[in-house]
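Quantities reported herein were computed from a predicted structural model and do not represent experimental measurements.
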Amino acid sequence: MRIFVFAYDRYEAMTTSNMLEAENIEHTVLCHTQEAADLFIKHGTAKAERIHITNNPKGLAFQRNAALELMQENEWAMFLVDDLKTVTELRNHDKVLEATIPITQQNQSHYAERFKHHITMQQFVERGKQLASQCDKHNCHLGGFAGINNPLYRKKHFSINVLADGRAWVVKKSDLRFDENVHMIDDLSFTTLNIKRFGIVIVNQWVLPDCKRYGTGGYGSINDRLQQKKQEVKYLVETYPELVAYKDKAGQEYRSHAALRQRKKPKIKIGK
């Protein structure tokens, strides 16, 4: 499985490429310009032979589409953000036969500890391959991993048609491309496009890739890009009203957030 790391501006702080390099895992780092490539190389956060320069304008959707253009039709790849910290999973989950585990308010602290089991990048790539295999059985072209560590939201091993958090995906190339009107919330956008096109997205809730999110570098902090985010939220709600709705959050600016609508999910059985 090919692996792509999407790099922007974290010349000294990018971590993902070195995490992969430490385990001799082949990967490609996509950056926008030669100048950016030189800075990543200078600061030791990416090797020259790993870098692919796209010459695209700033914007994550442009880079995602560039990765798709490097792939063969029906090829699977892993898409990773550039600031991964750790990957954890449910300890001994291979021995859990049930598709759902009995997490409650009373026992959630026990499961919270079980979910803290650290895995290597090699093991994470293997989890990605396993997820792609499950996706192939159901004509699914996008697979994701847990986006939050709260165990109460992680009872099911596999969730259907929920947000595939953009920090880590497995993506199968088809004729589908990222909507280049949406860069900041491209994960909501691409999840929506996949549900609309293929009817299904699968998320492995028992594996959690954690990253710094909106730290130094990258495409900017959430406050820096608030107006852009509001524009993108409005665009998705108006373009895909049957799939996306405003979902305001306490303490956040009005209509600065959107989410997938609750809809009837396909009845499929996902095994190990």
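- For the residue pair Gln228/Glu232, the side-chain donor-acceptor check at 3.5 Å is satisfied.
- In the model, Ser174 has no side-chain atom that pairs as donor or acceptor with a side-chain atom of Glu73 under 3.5 Å.
- Side-chain contact check for Arg197 versus Asp175: some heavy-atom pair is nearer than 4.5 Å.
- A donor-acceptor distance shorter than 3.5 angstrom exists from the side chain of His32 to the backbone of Pro57, with no hydrogens or angles considered.
- Heavy atoms only, all atoms of each residue included: Gly144 and Ala164 are closest at CA-CB, 4.1 Å.
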TODO: Mind running side chain to side chain contact (heavy atoms under 4.5 Å, CB included) on Met14 and Val29 for me, showing each step along the way?
DONE: CA-CA 11 Å; Met14 181 167 70; Val29 178; 4.2 Å; yes

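- Annotation: the span from Phe79 atom CZ to Gln63 atom CD amounts to 11.0 Å, rounded to 0.5 Å.
- Across all their heavy atoms, Gly143 and Cys135 have their closest contact at CA-SG, 4.0 Å.
- Side chains of Asp186 and Ser189: no donor on one and acceptor on the other come within 3.5 Å.
- Atom CG of Asn194 and atom OG1 of Thr192 lie 9.0 Å apart (nearest 0.5 Å).
- Counting only distance, with no hydrogens or angles, the side chain of Lys212 and the backbone of Asp83 share no donor-acceptor pair below 3.5 Å.
- Residue Glu49 places its CD atom among more than 12 non-hydrogen atoms of other residues, nucleotides or ligands, all under 6.0 Å distant.
- Arg2 has no carboxylate O lying under 4.0 Å from a charged side-chain N of Glu26, or vice versa, which leaves the two without a salt bridge.
- Put simply, the side chain of Gln123 reaches to within 4.5 Å of the side chain of Thr120, judged on heavy atoms.
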Open item on the list: Evaluate His52 against Leu70 for side chain to side chain contact (heavy atoms under 4.5 Å, CB included), listing each step before the verdict.
Closed with: CA-CA 10 Å; His52 177 81; Leu70 294 172; 3.9 Å; yes

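- Taking 4.0 Å as the cut-off between side-chain N and carboxylate O, Arg127 and Glu89 count as a salt-bridged pair.
- Of the possible donor and acceptor atoms, one in the side chain of Glu75 sits under 3.5 Å from a partner among the backbone N and O of Gln72.
- In this structure, the side chain of Glu23 engages the main chain of Met121 through a donor-acceptor pair within 3.5 Å.
- Using modelled atom types, one finds no donor on one side chain facing an acceptor on the other under 3.5 Å when comparing Thr86 with His118.
- Between the side chain of Arg261 and the backbone N or O of Pro241, at least one donor-acceptor pair lies under 3.5 Å.
- Between the His117 side chain and the Leu90 main chain, no donor and acceptor come within less than 3.5 Å of each other.
- A heavy-atom distance below 4.5 Å is found between the side chains of Ile202 and Leu131.
- Remark: Tyr153 OH is loosely packed, at most 12 non-hydrogen atoms of other residues, nucleotides or ligands lying under 6.0 Å away.
- The two atoms that bring Pro209 and Ala146 nearest to each other are CD-O, 3.8 Å, heavy atoms only.
- Looking at His110, Gln105, Gln106 one by one, the single match for side chain to side chain donor-acceptor pair (under 3.5 Å) with Gln108 turns out to be Gln105.
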TODO: Begin from the C-alpha positions of Phe124 and Phe145 and carry the test ring-ring contact (aromatic ring centres under 6.0 Å, His included) through to its verdict.
DONE: CA-CA 10 Å; Phe124 184 36; Phe145 300 92; 5.1 Å; yes

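- Separating the CD1 atom in Ile195 from the CG atom in Asn161 is a distance of 4.0 Å, to the nearest 0.5 Å.
- Side-chain atoms of Thr191 and Leu243, non-hydrogen and from C-beta on, never get closer than 4.5 Å to each other.
- One hydrophobic cluster, built from ILVMFWY side chains closer than 4.5 Å, cannot hold both Phe62 and Leu60; they sit in different ones.
- Remark: Lys247 NZ is loosely packed, at most 12 non-hydrogen atoms of other residues, nucleotides or ligands lying under 6.0 Å away.
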Task: Working for salt bridge (Lys or Arg N to Asp or Glu O under 4.0 Å), residues Arg255 and Asp248 - done: CA-CA 6 Å; Arg255 291 196 165 180; Asp248 292 320; 5.4 Å; no

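- Looking only at atom types and distance, the side chain of Glu180 has a donor-acceptor partner in the side chain of Asn65 under 3.5 Å away.
- Taken from CZ in Phe198 to CG in Leu142, the straight-line distance is 10.0 Å, to the nearest 0.5 Å.
- Under the 4.5 Å side-chain criterion, counting only non-hydrogen atoms from C-beta, Met78 is in contact with Leu80.
- Lys172 is linked by a side-chain hydrogen bond (donor to acceptor under 3.5 Å, both in side chains) to Asp136, counting only residues two or more places apart in sequence or in another chain.
- Put simply, the side chain of Lys173 does not reach to within 4.5 Å of the side chain of Asn74, judged on heavy atoms.
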TODO: Just do the side chain to side chain contact (heavy atoms under 4.5 Å, CB included) check on Gln122 and Ile25 with the steps written out, would you?
DONE: CA-CA 7 Å; Gln122 288 279 7; Ile25 299 172; 3.5 Å; yes

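- Side-chain contact between Leu208 and Val87 is absent, with no heavy-atom pair separated by less than 4.5 Å.
- Atom CG of Leu188 sits about 5.5 Å away from atom CG of Leu236, to the nearest 0.5 Å.
- Using a 4.0 Å cut-off between charged nitrogen and carboxylate oxygen, Arg263 and Glu242 do not count as a salt-bridge pair.
- By the salt bridge (Lys or Arg N to Asp or Glu O under 4.0 Å) test, Arg91 is found to be paired with no residue, residues two or more places apart in sequence or in another chain being considered.
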Open item on the list: Please evaluate residues Val162 and Ile160 with respect to the criterion side chain to side chain contact (heavy atoms under 4.5 Å, CB included), reporting the C-alpha separation (whole Å), side-chain torsions for both, the decisive distance (0.1 Å), and the verdict.
Closed with: CA-CA 6 Å; Val162 298; Ile160 306 299; over 6 Å; no

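- Within 6.0 Å of NZ on Lys156 lie no more than 12 heavy atoms contributed by other residues, nucleotides or ligands.
- In this structure, Asp82 contributes its side chain and Tyr8 its backbone to a donor-acceptor pair below 3.5 Å.
- Here the two rings, on Phe178 and Trp169, have centers that are under 6.0 Å apart.
- In summary, Arg167 and Asp187 do not engage in a salt bridge, as defined by a charged side-chain N under 4.0 Å from a carboxylate O.
- In this structure a side-chain-to-backbone donor-acceptor pair under 3.5 Å is missing from His27 to Phe4.
- Nearest heavy atom pair, residue Leu84 against residue Thr15, reads O-OG1, 2.6 Å.
- You'll find the side chain of Tyr235 reaches within 4.5 Å of the side chain of Val182, heavy atoms only.
- Between the side chain of Thr16 and the backbone N or O of Val81, at least one donor-acceptor pair lies under 3.5 Å.
- The two atoms that bring Lys229 and Ser256 nearest to each other are CE-O, 3.0 Å, heavy atoms only.
- Using modelled atom types, one side-chain atom of Thr45 and one backbone atom of Tyr11 make a donor-acceptor pair closer than 3.5 Å.
- For Asp179, there are no salt bridge (Lys or Arg N to Asp or Glu O under 4.0 Å) partners at least two apart in sequence or on another chain.
- Listed here is the closest heavy atom pair of Tyr111 and Pro102: OH-CD, 3.7 Å.
- Atoms CZ and CZ, on Arg177 and Phe190 in that order, are 8.5 Å from each other to the nearest 0.5 Å.
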